Amino acid sequence: MSSTYRLGVLEGDGIGPEIVPASVEIATAAAQAAGVTVDWVTLPLGAPAIDTHGTPVPQETTQALADLDGWFLGPHDSVSYPEPHKSALNPSGTLRKHFQLFANIRPAKSFPGATAVCDNADLVIVRENTEGFYADRNTYAGTGEFSPVEGVAIAMGIITRAATERVARVAFDLARSRRRKLTIVHKANVLKLTTGLFRTVCREVAQDYPDVQVDDFHIDAMTVHLVRRAQDFDVIVTENMFGDILSDLAGEISGSLGTAPSINASATTAMAQASHGSAPDIAGRNIANPVAMILSGAMLFEWLGAQHGDETAARVAKIIDAGVTEAIASGTSTRDLGGSATTTEFTAAVIKAISAGAGQN
């Protein structure tokens with residue numbers, strides 16, 4: 001019997017309505033090749049939802065997501081929303097906080113046939129997703145930013161042992177499944193109590209993984225190491241803001257932010273979300289690179305396979321990965337990767353590769 005999954009589709013804003021349908025089309029083709037059935041559930045989110053529901057994240061959307069196995073989330077353009085929505089927690093942050101998606105997993109891998117600063121990078125950044133300096137995630141109610149008097153602004157950076165330990169275990173488990181190398185990134189020489197606690201707890205968790213080689217670097221030094229020798233790193237674990245910055249850098253080094261996928265996961269559910277933004281300047285022009293969103297979908301199927309012990313779901317992920325790799329290697333890519341293909345042309349090339357058997361052996 002084939003596996004069946006119910007997955008949400010939230011197109012979002014900007015290029016979202018172009019790259020999310022592309023990723024769904026490719027995931028559907030890969031699922032059919034692997035013998036997996038997917039029931040896609042389209043839900044309102046973002047600017048269109050403001051027009052129809054009065055909010056970018058309708059209650060009916062969060063309620064429906066709770067009953068699904070996972071979902072694809074397109075980028076949002078919250079800075080263009082009307083007030084009070086512009087100043088409120090953005091759709092991505094709302095869903096991450098509501099579902100306690102504490103682990104943001106962001107790979108950066110170079111593709112043969114595409115231009116890249118580092119043509120043999122293959123690393124994963126595991127970013128703690130609920131704490132740190134990000135005001136939308138580090139308090140129970142309200143925000144972590146406030147202004148006590150005019151001309152003074154304060155942000156709270158919160159690090160806890162419990163949150164650090166759970167994300168560290170995700171990172172160490174991932175390292176154990178890859179090349180067994182893990183790097184802790186912090187700023188413990190200055191932020192001694194907060195990121196110092198993060199480093200300490202990660203080092204304590206490391207005692208349970210004697211087979212994983214561990215080192216650590218300050219965030220400023222790590223930016224240099226990524227530029228100079230990205231190929232030397234395997235899994236990187238860090239707090240929220242550092243992880244956000246490093247993953248954008250890693251995505252660009254490995255080719256383009258348009259190829260940088262991610263999932264946001266809790267112990268029970270996961271959300272596929274490309275690392276890049278909504279790119280409103282190119283929205284509607286059919287030139288956006290859908291790779292990051294496509295590979296985010298692949299990551300979701302890989303997560304589902306591990307979560308449910310389902311080899312067929314994991315096979316879907318491999319088929320998607322192989323289809324993307326084959327399309328780029330054969331000379332089809334969007335302009336940010338040095339090619340000239342449109343979004344739909346690249347999507348068609350990946351589906352053709354899947355139909356020809358990419359990743360199915």
Side-chain angles (χ1 to χ4, degrees), residues 103-129 164 167-191 195-196 198-263 275-276 291-292 295-296 298-299 302 317-318 321 324-325 328-329 336-338:
N104 186 197
I105 303 171
R106 295 185 167 189
K109 185 176 182 180
S110 306
F111 286 94
T115 57
V117 175
C118 179
D119 59 9
N120 56 351
D122 183 7
L123 60 90
V124 181
I125 295 172
V126 179
R127 167 193 177 200
E128 203 292 316
N129 222 10
T164 302
V167 79
R169 292 195 179 279
V170 169
F172 274 99
D173 286 340
L174 182 59
R176 180 172 275 173
S177 70
R178 288 171 49 91
R179 303 195 304 273
R180 299 179 183 268
K181 295 171 60 180
L182 183 136
T183 300
I184 306 162
V185 176
H186 56 88
K187 191 62 178 173
N189 59 328
V190 176
L191 301 172
T195 69
F198 188 92
R199 181 185 62 179
T200 296
V201 173
C202 287
R203 283 287 186 181
E204 290 173 357
V205 172
Q207 301 305 308
D208 295 333
Y209 296 83
D211 53 324
V212 177
Q213 177 186 339
V214 181
D215 57 11
D216 68 87
F217 294 102
H218 296 146
I219 177 62
D220 46 344
M222 191 63 198
T223 60
V224 176
H225 289 307
L226 274 184
V227 172
R228 287 182 175 175
R229 55 186 189 95
Q231 70 278 0
D232 293 342
F233 294 94
D234 183 18
V235 175
I236 298 167
V237 64
T238 189
E239 61 83 53
N240 203 335
M241 186 167 65
F242 296 164
D244 195 10
I245 295 167
L246 285 179
S247 56
D248 280 4
L249 174 61
E252 193 63 32
I253 288 171
S254 60
S256 164
L257 198 57
T259 66
S262 78
I263 60 166
S275 297
H276 59 69
V291 168
L295 295 182
S296 297
M299 291 182 68
E302 185 177 25
K318 292 178 180 178
D321 285 340
V324 170
T325 300
I328 295 174
D336 57 315
L337 295 178

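No experiment lies behind these values; they were computed from the predicted model shown.
Judged by distance alone, the side chain of Arg180 and the main-chain N or O of Ala175 form no donor-acceptor pair under 3.5 Å. Side-chain atoms of Ser296 never come within 3.5 Å of backbone atoms of Ile263 as a donor-acceptor pair (strictly under, hydrogens ignored). Checking side-chain atoms of Thr183 against main-chain N and O of Asp215 turns up no donor-acceptor pair under 3.5 Å. With Ser275 contributing its side chain and Ala260 its backbone, the two residues share a donor-acceptor pair below 3.5 Å. The backbone N or O of Ala121 lies less than 3.5 Å from a partner atom in the side chain of Ser110, making a donor-acceptor pair.
Here the closest heavy-atom approach between residue Cys202 and residue Thr164 is recorded as SG-CG2, 4.0 Å. Taking every heavy atom of both residues into account, Phe198 and Glu239 meet most closely at CZ-N, 3.7 Å. The two residues Thr223 and Asp220 make their nearest non-hydrogen contact at OG1-O, 2.6 Å. Between Ala103 and Val170 the shortest heavy-atom distance is CB-CG1, 4.2 Å. Across every non-hydrogen atom of Ile184 and Arg199, the tightest pair is CG2-CA, 4.2 Å. Shown here for Val167 and Val126, the closest heavy-atom pair between the two residues is CG2-CG1, 3.8 Å.
Salt bridge status for Arg179 with Asp232: absent, with no side-chain N to carboxylate O gap under 4.0 Å.
Distance OG/Ser262 to NE2/His276: 9.5 Å, rounded to 0.5 Å. Taking CG of Asp248 as the reference point, atom CD1 of Ile253 lies at 11.0 Å (rounded to 0.5 Å). Atoms OG and CG, from Ser254 and Asn120 in turn, are 11.0 Å apart once rounded to the nearest 0.5 Å. The CZ atom of Arg203 sits 9.5 Å away from atom OG1 of Thr200, with the distance rounded to the nearest 0.5 Å. In this structure, the separation between NE2 on His225 and CG on Leu246 is 11.5 Å, given to the nearest 0.5 Å. The distance from the CG atom of Leu182 to the CG atom of Asp234 is 8.0 Å, given to the nearest 0.5 Å.
For the pair Tyr209 and Asp173, the minimum side-chain heavy-atom distance is below 4.5 Å. Considering only heavy atoms from C-beta on, Val124 comes within 4.5 Å of Pro107 through its side chain. The side-chain heavy atoms of Asp244 and Arg106, taken from C-beta on, include a pair separated by under 4.5 Å. Contact check for Val214 versus Phe172: side-chain heavy atoms found under the 4.5 Å cut-off. Residues Asn240 and Arg127 form a side-chain contact, since some pair of their non-hydrogen atoms from C-beta on lies under 4.5 Å apart. Residues Glu252 and Asp336 form no side-chain contact, since every pair of their non-hydrogen atoms from C-beta on lies 4.5 Å or further apart.
For the pairing with Val185, the side-chain contact (heavy atoms from CB on, under 4.5 Å) check across Thr238, Leu226, Ile245 returns one residue only, Thr238.
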message: For a side-chain contact (heavy atoms from CB on, under 4.5 Å) check, start with the C-alpha distance between Val190 and His218, then their side-chain angles and the critical distance, and finish with the verdict.
response: CA-CA 10 Å; Val190 176; His218 296 146; over 6 Å; no
task: Just do the side-chain contact (heavy atoms from CB on, under 4.5 Å) check on Glu302 and Asp321 with the steps written out, would you?
output: CA-CA 11 Å; Glu302 185 177 25; Asp321 285 340; 5.8 Å; no
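In the displayed structure, Lys187 atom NZ is contacted under 6.0 Å by more than 12 heavy atoms of other residues, nucleotides or ligands.
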